[in-house]
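Position 1 is the first residue of the sequence, and the numbers go up from there. Remember, it's a predicted structure, so these values are computed and weren't measured experimentally.
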Amino acid sequence: MFPLTKDNYHSTLANTCYMSRGQYKNFLDCEASVMASLNGQWVEPSSIALEVGQYVHSWNDGTRREFIANHSNMFTQKLTLKKEYQDADKMIETLERDPFAMYCLEGQKEVIVTAFMFGAWWKVMLDVQNNERRRIVDLKTTRSVTEHVWIVVEDEFGKKVNRKVSFVEAYQYPLQNAIYSEVERIAMGRDEGDWSEFLIVAVSKEKSPDKAIINMTDPERLVKELAEVEANMPRIIAVKSGLEEPRRCECCDYCRATKVLTKVVKYTEL
Ligand SMILES: [Zn+2]
């Protein structure tokens, strides 16, 4: 299998050879946009929020200096740090000042782990892997740790309903946790169901950053999330290998950018 390094981890070749949590989620959202990125026809636009998250992660794995050297867009024309990065520095300080958070972040940083799971090779990058304590830790930056947000979900009858949930549920972190835990378990050669403890160290983007250490260890939920991944994988593998035509979602950036009008819609249908 194609050997992964930190430099090629996010490359198109790596994404073609391996499934990842992000790619899995993108396949469920819009198959056409994933296939277009794999074929080099579409580049997902980068956002400052994404880069700020990467900056905080570079602090965690000790590559903050390199990050700054490679991101001149962190600075304004007057060479002061942009507001978003000033906030990020506050988030970093918040964690640095908290001994318990720093204790939880101890271990090997940015560890690449691969495993064959549900018919495909998967790659994950663990923010922190601590084998002595049998623990995986994920560092999350979020708007608020405690505030609940509205999301749209399908109820038991398949009807779309609004529900207010924590940031952990809104961003489907239990799914991420399940994929990371299972890939790590397989890669480490442990028995079925023998997962590591899973923690999230969260820090908020608020003026005075909030923080929390969240215990995500929940084998029952993990099994449920993995069963869903397993059920979705045959279709994803078929699309990714070109056996099935990718479906367009008609509402993402890629679908909007490549939309061709062929009919008129009635105003009541909007
Ligand atoms: Zn789409």
Side-chain angles (χ1 to χ4, degrees), residues 10-12 14-16 18-54 73 84 118-120 122-124 138 140-144 147-180 205 221 224-270:
H10 294 290
S11 67
T12 306
N15 292 335
T16 305
Y18 293 90
M19 281 298 298
S20 64
R21 193 270 311 208
Q23 189 180 89
Y24 170 79
K25 208 165 153 278
N26 291 344
F27 260 117
L28 296 191
D29 290 343
C30 180
E31 295 171 353
S33 82
V34 183
M35 292 311 287
S37 346
L38 292 176
N39 296 331
Q41 294 158 335
W42 177 249
V43 181
E44 282 296 330
S46 186
S47 70
I48 190 148
L50 193 78
E51 278 193 6
V52 166
Q54 289 166 352
N73 60 342
E84 290 86 348
F118 308 139
W122 289 72
K123 62 178 168 103
V124 301
D138 209 52
K140 294 287 185 208
T141 57
T142 179
R143 212 168 59 84
S144 159
E147 204 178 300
H148 282 206
V149 288
W150 287 104
I151 59 161
V152 180
V153 287
E154 274 186 13
D155 67 8
E156 53 202 300
F157 309 108
K159 206 178 140 231
K160 286 193 171 148
V161 289
N162 291 314
R163 190 177 294 159
K164 227 174 181 189
V165 296
S166 71
F167 84 97
V168 168
E169 294 290 351
Y171 291 97
Q172 299 183 334
Y173 292 146
L175 166 68
Q176 175 184 358
N177 162 16
I179 292 173
Y180 282 26
K205 301 176 185 177
R221 177 74 184 265
K224 201 172 143 252
E225 294 289 344
L226 285 181
E228 213 174 303
V229 177
E230 187 173 19
N232 286 324
M233 280 312 287
R235 164 80 195 166
I236 291 174
I237 291 168
V239 172
K240 201 173 170 182
S241 59
L243 290 172
E244 294 274 354
E245 209 45 44
R247 286 188 205 120
R248 294 167 59 89
C249 75
E250 299 300 356
C251 49
C252 71
D253 284 332
Y254 167 76
C255 287
R256 278 200 302 271
T258 53
K259 188 169 169 181
V260 179
L261 295 178
T262 54
K263 59 173 185 173
V264 175
V265 285
K266 181 84 177 173
Y267 75 97
T268 49
E269 285 168 22
L270 292 173

Search all heavy atoms of [X] against all heavy atoms of [Y] and return the closest pair with its distance.
| X | Y | answer |
| --- | --- | --- |
| Ser37 | Thr12 | O-CG2, 4.0 Å |
| Glu228 | Tyr24 | O-OH, 3.7 Å |
| Trp42 | Ser33 | CD1-O, 4.2 Å |
| Pro174 | Val168 | CD-O, 3.4 Å |
| Met233 | Ala120 | CE-CB, 3.9 Å |
| Lys240 | Asn15 | NZ-O, 2.8 Å |

Quiz prompt | Partner of Val149 by side chain to side chain contact (heavy atoms under 4.5 Å, CB included), out of Arg143, Arg163, Glu169 | solution = Arg143
Practice problem: May I ask you to decide if the ring planes of Phe167 and Tyr173 are parallel, tilted or perpendicular, using 30° and 60° as cut-offs? | Solution: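 Because their plane-to-plane angle is over 60°, the rings of Phe167 and Tyr173 count as perpendicular.
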What I'd like to find out is whether the side chain of [X] reaches to under 4.5 Å of the side chain of [Y], using heavy atoms alone.
| X | Y | value |
| --- | --- | --- |
| Phe118 | Leu226 | yes |
| Asn177 | Arg221 | no |
| Pro45 | Asp253 | yes |
| Gln41 | Thr258 | no |
| Leu28 | Ile236 | yes |

Quiz item: Quick one: does Arg256's side chain have a donor or acceptor within less than 3.5 Å of a partner on Cys251's backbone?
Solution: yes
Quiz item: With no hydrogens and no angle check, is any side-chain donor or acceptor of Asn39 less than 3.5 Å from a backbone partner on Met35?
Solution: yes
Practice problem: For Arg247, check side-chain hydrogen bond (donor to acceptor under 3.5 Å, both in side chains) against everything at least two apart and list the hits. | Solution: none
Quiz item: Between Glu225 and Arg21, is the closest basic N to carboxylate O distance under 4.0 Å?
Solution: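 Salt bridge flag = no for Glu225 with Arg21.
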Exercise. Go through the structure and list residues passing salt bridge (Lys or Arg N to Asp or Glu O under 4.0 Å) with Lys123, not counting sequence neighbours.
Key: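 Salt bridge (Lys or Arg N to Asp or Glu O under 4.0 Å) check on Lys123 returns nothing, list empty.
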Exercise. For the pair Glu44 and Asn26, evaluate side chain to side chain donor-acceptor pair (under 3.5 Å) and give the outcome as yes or no after the intermediate values.
Key: CA-CA 11 Å; Glu44 282 296 330; Asn26 291 344; 5.7 Å; no
